Asker: 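I'd like to ask some things about the structure below.
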Amino acid sequence: MGAAGIVALLMVTISALLLATAAAGNNPAFSCGPGAAQGGYGFCNQQLPVERRVADLVTRLTLAEKVTQLADKASAVPRLGVPAYKWWSEGLHGLSVWGRGMHFNGTVRTVTSFPQVLLTAASFDEGIWYRIGQAIGTEARALYNLGQAEGLTIWSPNVNIYRDPRWGRGQETPGEDPITASKYAAAFVRGLQGTSTTTLQASACCKHATAYDLDDWRGAVRYNFNAKVTAQDLADTFNPPFKSCVVEGKATCVMCAYISVNGVPTCADPDLLTKTIKGEWGMNGYVAADCDAVALIRGGHHYTPTDEDAVAVSLKAGMDMDCGNYTQVHSMSAIQQGKMTEQDVDKVLRNLFAVRMRLGHFNGDPRSSPLYGRLGAADVCSPAHRSLALEAAQDGIVLLKNDGGILPLHRSVVTSAAVIGPNSDDRGALIGNYFGPACEYTTPLQGLREYVKDIAFRPGCNSTSCAFSKIDEAAGVAGWHDHVILFMGLSQKQEQEGLDRTSLLLPPKQQSLITTVARAAKRPVILVLLTGGPVDVTFAKNNPKIGAILWAGYPGQAGGLAIAKVLFGEHNPSGRLPVTWYPEEYTRVNMTDMRMRADPATGYPGRTYRFYHGETVYKFGYGLSYSKVTRRLVVPSQVPNTKNLLAGVSTTVDDGGVSYYDVEELGAERCEQLKFPAVVEVQNHGPLAGKHSVLMFLRWLNATGGRPSSQLVGFRSQHLDAGEKASLTFDVSPCEHLSRAREDGKKVIDRGSHFLSVDEEVESEITFDS
Ligand SMILES: *[C@@H]1O[C@H](CO)[C@@H](O)[C@H](O)[C@H]1NC(C)=O
Ligand SMILES: *[C@@H]1O[C@H](CO)[C@@H](O)[C@H](O)[C@H]1NC(C)=O
Ligand SMILES: *[C@@H]1O[C@H](CO)[C@@H](O)[C@H](O)[C@H]1NC(C)=O
Ligand SMILES: *[C@@H]1O[C@H](CO)[C@@H](O)[C@H](O)[C@H]1NC(C)=O
Ligand SMILES: *[C@@H]1O[C@H](CO)[C@@H](O)[C@H](O)[C@H]1NC(C)=O
């Protein structure tokens, strides 16, 4: 080491001392205060690129210090002035008490609670999804500036495909359709992470890669479940949301799941984590392991003989951050036993510190950040965020039945009402799971009190399971009132993380409560369902004494007001179901059977609107309005430019005699040139103004070779006054929207006719050929 080196070393030591004295105790509030930057820490030098800064920091750490960073509670490194960091925070539909990073015990005690995701998805409005992400990121930043957040890495959103209606966590997802989930992922992540190219507002994490949607069903549990998934299903169903999250959303994290896919635990799968997510998709960020998922590589899946092997396999596969301390505890011995090297740890630390660096954690006092430094208490539960929570709930609510136009109700007519049901006045039914303390809670009962003076409320059951019920009393009250509104459905007692359903019916006593009340009522009753997952309410659909049915998800802090506004016509419902509502009979399907495609030979019915053609209670995309709306589809009869662009491109002929193009062979540039617009002219014929969501599908005439019967191409949501017309343009990309996955996962486009449709009635044929 030369003289210059010794001087540099001295400076480092002195500045480290300065920092240590300046910092409160062993955990300074932030890194790289004024002293540190002057002290010559490369990692504090904001002029250097992130990679150089990270490399500098990692070089300075001893092996023992490095190991302390390998847990979600990463330790401080006091001698370098680096504070402790908590990697695990949640922000699924608002900041949450799940995780460890956020504290609600300072200046800020409450945060905005948006609707549970499945309801927000029903708005089919990317703008809302983006703004919710943005609001959650802003509230996280505000808490951070106030010293109430020990991290800004938020392990949301959950973009697993809601494959089976019984999944307890289906409520957390944007539903069963891969295009919807992909757009949700990108919009939410962009909003949460912010638009700055230099500093992330917060870091988002798309979970849980991949093909995970089983928690605990008849003894099959996620901790050792091996999902057998075909290459075709991975390519066109399970992986697209994660790809979009990374490629379109630029997410800085993907989380691997508890399960194994085709025999390999996802957190130990180099093909998934390194080759696909970090390689092909180019993720700039880190892979998190679901809490204790690395321990389960050995303990649950018996994939490795020792703990050290599990840690080494996972780190080498591309996992960077193990939630829990298993990796931290076993890393040193894994290195000593030669299962992995210090370089393996360095690689992980570079990924981790780079994200903290991009969050500005090494730029000194966060309150001096030009972008986010001013965010504080006024930005949490702000009027804008509260009204967004109301807007999202209103736009998500789905009107499923409205016989004889019983809805909307009119304020002047409804002077008294009986409000019945266990979800009428229960805050838990507003916020679902992964919630935080909300700014306010408006239950349906409270919402209705704004509209109806005289309300008689009877819960009828003491909870959604209805173990204790007073059905006769509820029926009695119903009989004396002109209007009866029931708030029924599910709760976390029936569907939650770690608990899948075994039935799609409402708990039995709820069904008798509803039917008895409807029979006793003077006129048809209104049934509002607060549930995450779909329920088989055929009995209510077919009962003429039940005049209207609404699905309101778990609608968030303003949910009760949103429901009241819809019931009284102050908001015209426009939500569409993001999942198929199957009949109870569907529960004969083995939940562990991951196949999307039907197998008529064995009676396997297939899954979701794309492959299931059996009876439904309500279809994917279903939802009524108070207005009559018409649509007209205008598309060219031939994909433009195909003559030139496809000239000379080879085709292959499949078993069914259909010839097709290989999308990879078409190439990115040609795919870009093949794009064309499809226009939908939509008109609201009244009587009410309101939003309308247009869903455009591609339909296949037959489902050979695993072709879906239909596949969403895109969606647009538009506000229209009564009488107003609009033209909505959909950008159709043949390579993306007309293509299908072959059995080996390869994307191809059939030569010849393709059918675009908007609803079942309006259809248009276009040709894709040279
Ligand atoms: C808030 O809670 C955190 C975590 O429990 C604790 O560390 C912190 O001291 C608390 N702050 C206050 C002001 O009580
Ligand atoms: C690791 O975490 C477990 C469970 O939280 C805890 O009991 C144990 O003490 C921790 N070990 C270390 C070394 O931090
Ligand atoms: C409902 O009543 C049943 C039977 O009395 C009881 O076991 C259950 O704990 C009650 N549930 C609630 C939420 O009060
Ligand atoms: C359900 O699937 C599991 C494996 O996925 C299999 O072990 C079991 O036998 C199946 N049960 C039925 C009834 O098909
Ligand atoms: C599928 O449709 C094509 C025309 O689109 C037809 O030629 C073929 O016979 C059909 N196959 C089956 C199995 O129905």
Side-chain angles (χ1 to χ4, degrees), residues 115 119-132 177 179-180 183-184 187 384 387-402 404-411 548 550-553 555 558 561-578 618-635 677-697 712-732 756-764:
L119 185 72
T120 295
S123 70
F124 284 93
D125 185 334
E126 288 172 86
I128 288 181
W129 304 340
Y130 175 83
R131 285 186 283 140
I132 288 176
D177 172 63
I179 291 272
T180 312
K183 289 189 191 256
Y184 179 85
S387 79
L388 180 57
L390 175 62
E391 182 188 347
Q394 287 179 164
D395 285 3
I397 291 170
V398 182
L399 179 62
L400 294 170
K401 176 179 180 180
N402 192 18
I406 183 173
L407 290 177
L409 300 171
H410 296 281
R411 231 173 161 149
L550 273 88
W551 176 67
L561 185 56
I563 291 168
K565 281 178 178 286
V566 169
L567 292 176
F568 282 87
E570 283 181 21
H571 184 86
N572 192 353
S574 60
R576 305 272 208 125
L577 291 180
Y618 292 109
K619 287 186 169 155
F620 174 87
Y622 184 75
L624 305 172
S625 165
Y626 293 151
S627 290
K628 178 176 156 47
V629 182
T630 53
R631 293 157 286 267
R632 202 167 75 87
L633 180 60
V634 189
V635 294
V679 175
V680 178
E681 288 171 359
V682 50
Q683 182 168 10
N684 177 355
H685 299 273
L688 295 183
K691 269 174 69 171
H692 184 71
S693 295
V694 176
L695 275 53
M696 186 183 286
F697 294 89
L712 195 61
V713 166
F715 47 84
R716 294 283 310 277
S717 189
Q718 172 76 33
H719 185 277
L720 295 169
D721 286 332
E724 194 181 349
K725 263 191 216 171
S727 288
L728 307 179
T729 303
F730 289 71
D731 296 315
V732 181
L756 286 175
S757 81
V758 170
D759 302 331
E760 274 146 52
E761 332 68 274
V762 210
E763 195 156 278
S764 203

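Residues take their numbers from the sequence shown, with the count starting at 1. All of these numbers come straight from a predicted model, not from anything done at the bench.
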Asker: For residues Leu720 and Ala726, report the shortest heavy-atom separation together with the two atoms involved.
Answerer: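 Here Leu720 and Ala726 meet closest at CD2-CB, 3.6 Å.
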Asker: Verify side chain to side chain contact (heavy atoms under 4.5 Å, CB included) between Gln718 and Val694, making sure each step is shown before the conclusion.
Answerer: CA-CA 8 Å; Gln718 172 76 33; Val694 176; over 6 Å; no
Asker: Quick check: closest heavy atoms across Ala678 and Val635, and the distance to 0.1 Å?
Answerer: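 Ala678 and Val635 have their closest heavy atoms at CB-CG1, 3.2 Å.
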Asker: Going by the rule salt bridge (charged side-chain N to carboxylate O under 4.0 Å, His left out), which residues pair with Glu681 if we only count those two or more places apart in sequence or in a different chain?
Answerer: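 Testing Glu681 for salt bridge (charged side-chain N to carboxylate O under 4.0 Å, His left out), a comparison that skips the adjacent residues, returns Arg632.
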Asker: In a check of side chain to side chain contact (heavy atoms under 4.5 Å, CB included) between Asp395 and each of Ser717, Pro573, Ser123, which one passes?
Answerer: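 Output: one option passes, namely Ser123.
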Asker: The criterion is ring pair (Phe, Tyr, Trp, His ring centres under 6.0 Å); which residues satisfy it with Phe697, sequence neighbours excluded?
Answerer: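 For Phe697, the residues satisfying ring pair (Phe, Tyr, Trp, His ring centres under 6.0 Å) (neighbours in sequence not counted) are Tyr609.
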Asker: Once ring pair (Phe, Tyr, Trp, His ring centres under 6.0 Å) is applied, do any residues pair with Tyr184, and if so which ones, sequence neighbours excluded?
Answerer: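 Scan of Tyr184 (ring pair (Phe, Tyr, Trp, His ring centres under 6.0 Å), adjacent residues dropped) gives Trp129, Phe188.
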Asker: State whether the side chain of Ser764 and the backbone N or O of Leu756 hold a donor-acceptor pair below 3.5 Å, judged by distance alone.
Answerer: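 Checked: no pair found.
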Asker: The criterion is salt bridge (charged side-chain N to carboxylate O under 4.0 Å, His left out); which residues satisfy it with Lys565, sequence neighbours excluded?
Answerer: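 Listed in chain order: Glu570.
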Asker: Got Ile397 and Ile563 here, is their nearest side-chain heavy-atom distance under 4.5 Å?
Answerer: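 Answer yes - side chains close enough.
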Asker: What are the two closest heavy atoms between Ala722 and Pro687, and how far apart are they?
Answerer: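 The answer is CB-O, 3.6 Å.
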Asker: Given 3.5 Å as the limit, does a donor-acceptor pair link the side chain of Ser627 with the main chain of Val629, or not?
Answerer: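 Not confirmed, Ser627 side chain does not pair with Val629 backbone.
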Asker: By ring pair (Phe, Tyr, Trp, His ring centres under 6.0 Å), which residues pair with Tyr622, not counting sequence neighbours?
Answerer: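 Scan of Tyr622 (ring pair (Phe, Tyr, Trp, His ring centres under 6.0 Å), adjacent residues dropped) gives Tyr618.
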Asker: Enter the distance from Leu712:CG to Asp177:CG here, rounded to the nearest 0.5 Å.
Answerer: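 Those atoms lie 4.5 Å apart.
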Asker: Which pair of non-hydrogen atoms, one from Leu633 and one from Met696, has the smallest distance, and what is that distance?
Answerer: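 Scanning both residues completely, I find the closest heavy atoms to be CD1-CE, 3.5 Å.
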Asker: Just jot down the side-chain contact (heavy atoms from CB on, under 4.5 Å) partners of Ala392, sequence neighbours excluded, or say none.
Answerer: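 Result, side-chain contact (heavy atoms from CB on, under 4.5 Å) vs Ala392: Pro115, Thr120, Ile128, Ile132.
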Asker: Going by the rule side-chain contact (heavy atoms from CB on, under 4.5 Å), which residues pair with Ser387 if we only count those two or more places apart in sequence or in a different chain?
Answerer: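 side-chain contact (heavy atoms from CB on, under 4.5 Å) check on Ser387 returns nothing, list empty.
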Asker: List for me each residue that meets side-chain contact (heavy atoms from CB on, under 4.5 Å) alongside Ala389, sequence neighbours excluded, and say none if there are none.
Answerer: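 For Ala389 the side-chain contact (heavy atoms from CB on, under 4.5 Å) partners, ignoring immediate neighbours, are Thr112, Phe114, Gln557.
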Asker: Measure the CH2-CG distance between Trp551 and Leu577 for me, rounded to the nearest 0.5 Å.
Answerer: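 Interatomic distance, Trp551 CH2 to Leu577 CG, rounded to 0.5 Å: 7.0 Å.
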Asker: Got a sec, which residues hit salt bridge (charged side-chain N to carboxylate O under 4.0 Å, His left out) with Arg716, two or more places apart in sequence or on another chain?
Answerer: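 Counting only residues at least two positions away or on another chain, Arg716 forms no salt bridge (charged side-chain N to carboxylate O under 4.0 Å, His left out).
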Asker: Distance from Leu407 atom CG to Asn402 atom CG, nearest 0.5 Å?
Answerer: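 Here the interatomic distance stands at 4.5 Å.
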Asker: How many angstroms lie between atom NZ of Lys691 and atom CG of Asn572, to the nearest 0.5 angstrom?
Answerer: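 It is 11.5 Å, given to the nearest 0.5 Å.
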Asker: Name all pairs fulfilling the side chain to side chain donor-acceptor pair (under 3.5 Å) condition that reach into residues 720-729, sequence neighbours left out, sorted by first residue then second.
Answerer: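 Found none.
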Asker: With a 3.5 Å distance limit and no angle check, can you tell me whether Arg576 reaches the backbone of Ser693 through a side-chain donor-acceptor pair?
Answerer: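 Here the side-chain-to-backbone pair exists.
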Asker: Compare every heavy atom of Pro408 with every heavy atom of Leu688, then report the nearest pair and how far apart it is.
Answerer: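 Closest pair (atom of Leu688, atom of Pro408, distance): CD1-CG, 4.5 Å.
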Asker: Looking at residues at least two apart in the chain, or sitting in another chain, which of them share a ring pair (Phe, Tyr, Trp, His ring centres under 6.0 Å) with Phe568?
Answerer: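 Phe568 satisfies ring pair (Phe, Tyr, Trp, His ring centres under 6.0 Å) with Tyr451 once adjacent residues are dropped.
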Asker: Quick one: pull up NZ in Lys628 and CG in Asn684 and give me the separation to the nearest 0.5 Å.
Answerer: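 Lys628 atom NZ to Asn684 atom CG measures 10.5 Å (nearest 0.5 Å).
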Asker: Identify the two heavy atoms, one from Gln394 and one from Val566, that lie closest to each other, and give their separation to 0.1 Å.
Answerer: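 So the minimum-distance heavy-atom pair works out to O-CG2, 4.4 Å.
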Asker: Check the pair Val758 / Phe730 against side chain to side chain contact (heavy atoms under 4.5 Å, CB included), numbers first and verdict last.
Answerer: CA-CA 11 Å; Val758 170; Phe730 289 71; 5.9 Å; no
Asker: Apply salt bridge (charged side-chain N to carboxylate O under 4.0 Å, His left out) to Glu126 and list each qualifying residue two or more places apart in sequence or on a separate chain.
Answerer: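 So Glu126 forms no salt bridge (charged side-chain N to carboxylate O under 4.0 Å, His left out) with any residue.
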